[in-house]
A.B. asks: 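Would you mind keeping the following structure in view while I ask a few things?
Each ligand, and each atom within it, is numbered from 1 in the order the structure gives. What you are looking at is a predicted structure, and each value in this text was computed from that prediction instead of being measured.
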Amino acid sequence: MSSRKKAVVLISGGLDSATIMAFARSEGYELHGISFDYGQRHHFELQAAEKVCAANNVASHVVFPVDTAIFRGSALTNDIDVPHNRSDDEMSGSIPVTYVPARNTIFLSIALGLAESLGAHDLFIGVNAVDYSGYPDCRPEFVAAFEAMANLATKAGVEGQKIKVHAPLITMTKAQIIQRGVELGVDYSLTHSCYDPSPDGISCGECDSCLLRLKGFADAGAIDPIAYQN
Ligand SMILES: [Zn+2]
């Protein structure tokens with residue numbers, strides 16, 4: 001049995017999660033990936049998650065199915081148009097229609113269960129509050145509150161094996177995340193960010209997620225290795 005400390009890493013297949021997985025690997029953890037199949041229209045990200053996990057030699061990778069019925073009213077899971085070509089002001093003006101109800105609370109709770117089952121006390125999540133301030137469950141106060149709850153909610157926490165939720169990207173800009181990822185050797189060609197890809201998985205280049213990704217690469221002085229429709 002490995003003596004390395006185990007970490008559970010939430011891996012969506014996007015740029016931030018690929019960076020966080022490389023970060024956890026660089027810290028020497030034995031990696032256990034968890035992804036969620038929640039009926040997202042950009043299900044190509046699950047294939048990306050698989051590739052990112054393989055590239056990081058994970059010890060295990062679970063794709064957990066979540067019934068879409070609990071995620072109504074989001075453009076990511078329903079027949080609601082994903083906004084295209086929004087300005088920075090429009091993106092930061094209000095919580096976007098791509099918000100998925102309580103997503104990170106649900107995902108982190110399931111990841112916490114997996115972590116305690118595995119004897120892992122460290123969870124890694126690639127949430128980021130700077131370039132995408134619209135999602136309430138991507139804020140530092142949310143992560144701190146979840147960590148406090150996790151330590152009240154688990155046998156491990158109560159017995160003094162503190163559960164830690166690592167979110168080191170949370171105050172970084174997209175450009176800083178990409179620069180860190182490049183240093184860590186992340187292969188961003190494996191990742192998928194687009195909310196509204198073509199039927200064969202080509203990114204649109206116009207949704208909020210594509211625009212933030214493209215701006216991040218431009219600001220980082222790096223080339224985005226994936227293809228775009230536009
Ligand atoms: Zn897109």
A.B. asks: Could you list the residues that satisfy side chain to side chain contact (heavy atoms under 4.5 Å, CB included) with Asn151, not counting sequence neighbours?
C.D. replies: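 Applying side chain to side chain contact (heavy atoms under 4.5 Å, CB included) to Asn151 gives Glu147, Lys162, Ile163.
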
A.B. asks: Could you work out, with side-chain hydrogen bond (donor to acceptor under 3.5 Å, both in side chains) as the rule, every residue matching Asp224, not counting sequence neighbours?
C.D. replies: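 Applying side-chain hydrogen bond (donor to acceptor under 3.5 Å, both in side chains) to Asp224 gives Arg213, Tyr228.
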
A.B. asks: What protein N/O/S atoms are there under 2.8 Å from the Zn ion (ligand 1), waters excluded?
C.D. replies: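 Listed by chain and number: Cys194 SG, Cys204 SG, Cys207 SG, Cys210 SG.
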
A.B. asks: Could you list the residues that satisfy side chain to side chain contact (heavy atoms under 4.5 Å, CB included) with Glu183, not counting sequence neighbours?
C.D. replies: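 Glu183 satisfies side chain to side chain contact (heavy atoms under 4.5 Å, CB included) with Arg180 once adjacent residues are dropped.
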
A.B. asks: side-chain contact (heavy atoms from CB on, under 4.5 Å) with Arg103: which of Asp137, Val66, Leu108?
C.D. replies: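 For Arg103, the side-chain contact (heavy atoms from CB on, under 4.5 Å) test succeeds with only one of Asp137, Val66, Leu108, which is Asp137.
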
A.B. asks: Could you state the interatomic distance from CG (Leu31) to CZ (Arg4), rounded to the nearest 0.5 Å?
C.D. replies: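 The CG atom of Leu31 sits 7.0 Å away from the CZ atom of Arg4.
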
A.B. asks: For the residue pair Phe36 and Phe107, does the interplanar ring angle fall in the parallel (under 30°), tilted (30 to 60°) or perpendicular (over 60°) class?
C.D. replies: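 Ring orientation of Phe36 relative to Phe107: parallel.
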
